[in-house]
Amino acid sequence: MSGDDRGALLRRGRTHRTVRQEEAHLATAATDALTVDALPTPYDVEETVTRPLNEHEREHLAVCEQALHGFRRSVIVAGKALEVISRGRLYRETHGTFVEYLDDVWEIRKSQAYRMIEAWPVAAAVSPIGDINEGQARELRPVFQQYGQEATVALYRQVKELRGERRVTAADLAEAREVLPPPARLAGPHQVRDVLTVAVNEGRAPRLAPPPPPAPQVPAQAADEHQAQEAEDGSVTPDQVDEGAEAVATLEAALAQQRQIYDRLGGGVVAAALLYDPGRGEYLRRELRQYANRTAYRMREASGDQDAAAAD
C-alpha cells in the first residue's frame with residue numbers, strides 16, 4: 001500500500017470515527033437489547049482480499065459496531081463483535097489493519113481487544129448461571145481450554161454456590177482453578193463439585209469457605225462495668241483502659257486493611273505487574289513481602305511479651 005493510499009484510508013477512518021461517535025447515543029438503547037445470538041458467526045477473510053464490503057458484510061459491520069458502543073456492559077457481545085470484525089476484515093474499507101481500526105475508531109488497545117475476543121466464548125458458556133467480566137473470564141479460560149466447557153460451567157456454578165451471598169471475584173475463580181487435579185485425573189465435569197468441596201474442607205481454598213460466625217458481642221454496659229471494676233481494683237488504670245480501647249480499634253482497622261490487601265493481590269495482579277514493568281513490579285513485590293514479614297514479627301514479639309508477663 002502506497003503512502004498516499006494509506007493517508008487516504010486514515011482520513012476516511014477519522015471521518016468514520018466521528019460519524020460513529022455521533023451515532024453512539026442513538027445506538028445505546030438498541031445495544032441494551034442486543035444479544036450474542038444477534039451477531040454473525042465469526043468467519044475468515046484472506047488478507048489478499050481488497051474488494052469493498054458487500055451488502056452482508058456491511059450489515060455485519062453495522063451490528064458489530066452497534067454492539068461495541070456498549071462493550072463495557074457485556075464482554076460476550078463485544079468480544080464476539082470484535083472477532084467478527086477482525087477475522088472478516090470488515091475494517092478494510094477505512095483502515096489498513098485491525099489495530100489501526102481499534103485505535104482510531106474505538107480507542108481500544110490491541111491487547112485489550114484480543115483479551116475480549118478470548119473471553120467471550122467463556123463468558124457465553126457460563127452466562128446461564130450469571131454474567132462475568134473480562135477478569136473473571138480470564139481466570140476461567142485455562143479451565144475452558146484444558147477441561148472443556150462442561151467442567152468450566154460446573155466450576156463456576158460450584159464457586160457461586162460456595163460463595164453464597166458474597167460476590168464471585170476473579171481471585172475466587174483463580175483459587176478454584178488451582179485446586180483442580182490435572183485434566184487426565186479428573187473423572188469428568190461431575191467431579192468438579194466434589195473436588196472444590198474437599199479443598200474447602202481441607203483449608204486449601206480459604207476464599208471459598210463460608211465466612212466465620214461473628215464474634216460474640218459483649219454488651220457495652222457490661223464491658224464498661226468490667227473495666228470500671230478493674231480500675232477500682234487497681235489492676236488497670238483509667239488511662240490504660242482508654243489506651244486499650246484505642247489499641248483494639250487500631251487492630252481492627254489493620255485487620256480490615258490486611259484483608260483488603262489479600263483480596264486485591266489475587267487474580268494474577270502480581271504477574272500482570274511484573275509483565276508490564278518488571279523492575280517496578282519486583283520492587284513492589286519485595287516491599288510487600290518485607291512489610292508482611294515485619295508485621296508477622298511484631299505479632300510474634302507481642303505474643304512473647306504477653307507470655308513473659310503471664311509467667312511473672
Side-chain angles (χ1 to χ4, degrees), residues 36 73-76 79 115-116 118-217 251-252 254-275 285 288-289 292-293 295-296 299:
V36 68
R73 290 188 290 276
S74 174
V75 66
I76 305 177
R115 284 197 303 267
M116 294 170 69
E118 293 173 349
W120 84 260
V122 182
V126 302
S127 61
I129 306 171
D131 293 332
I132 62 174
N133 58 37
E134 183 186 321
Q136 293 167 315
R138 185 164 58 248
E139 296 300 338
L140 285 174
R141 187 165 181 264
V143 182
F144 190 83
Q145 291 179 313
Q146 299 171 27
Y147 297 83
Q149 178 173 325
E150 291 186 25
T152 305
V153 172
L155 182 140
Y156 183 71
R157 179 183 290 111
Q158 182 62 9
V159 169
K160 195 172 179 65
E161 181 179 321
L162 289 168
R163 291 288 293 175
E165 298 297 322
R166 297 169 294 170
R167 184 174 66 91
V168 174
T169 67
D172 299 330
L173 297 173
E175 184 174 89
R177 189 190 71 233
E178 289 298 323
V179 301
L180 289 179
R185 292 176 52 194
L186 189 70
H190 64 278
Q191 193 184 9
V192 171
R193 178 186 179 90
D194 294 337
V195 168
L196 295 185
T197 301
V198 170
V200 168
N201 293 337
E202 292 178 349
R204 293 184 289 113
R207 297 185 61 88
L208 307 183
Q217 298 293 321
L251 288 175
E252 288 178 343
L255 176 59
Q257 292 175 351
Q258 196 81 351
R259 285 171 173 164
Q260 288 181 351
I261 292 171
Y262 178 80
D263 290 341
R264 294 182 66 181
L265 290 181
V269 169
V270 175
L274 291 171
L275 181 63
R285 182 169 67 169
L288 283 166
R289 186 184 297 119
N293 290 336
T295 300
M299 299 305 294

Looking at [X] and [Y], what are the two nearest heavy atoms and their distance?
X: P211; Y: R166; answer: CD-CZ, 3.7 Å
X: P210; Y: V200; answer: CD-CG1, 4.4 Å
X: A137; Y: V122; answer: O-CG1, 4.0 Å
X: A124; Y: S127; answer: O-OG, 2.8 Å
X: I76; Y: A123; answer: CG1-CB, 3.3 Å

Can any side-chain N or O of [X] pair as donor or acceptor with the backbone N or O of [Y] at less than 3.5 Å?
X: E139; Y: L173; value: no
X: Q136; Y: N133; value: yes
X: R163; Y: R207; value: yes
X: R185; Y: P182; value: no

If you measure from [atom1] on [X] to [atom2] on [Y], what distance do you get to the nearest 0.5 Å?
X: T295; Y: Q258; atom1: OG1; atom2: CD; value: 6.0 Å
X: N201; Y: L208; atom1: CG; atom2: CG; value: 11.0 Å
X: K160; Y: L162; atom1: NZ; atom2: CG; value: 12.0 Å
X: H190; Y: E150; atom1: NE2; atom2: CD; value: 11.0 Å
X: Y147; Y: L186; atom1: OH; atom2: CG; value: 6.5 Å
X: Q191; Y: L196; atom1: CD; atom2: CG; value: 10.5 Å

Show the numbers, then the answer: is there a side chain to side chain contact (heavy atoms under 4.5 Å, CB included) between V143 and Y156?
-> CA-CA 10 Å; V143 182; Y156 183 71; over 6 Å; no
Can you tell if the side chain of Q149 reaches within under 4.5 Å of the side chain of P189, non-hydrogen atoms only?
-> no
Does a side-chain N-to-carboxylate-O contact under 4.0 Å join E134 and R138?
-> yes
Polar contact flag, side-chain donor to acceptor under 3.5 angstrom, D194-T197 = no
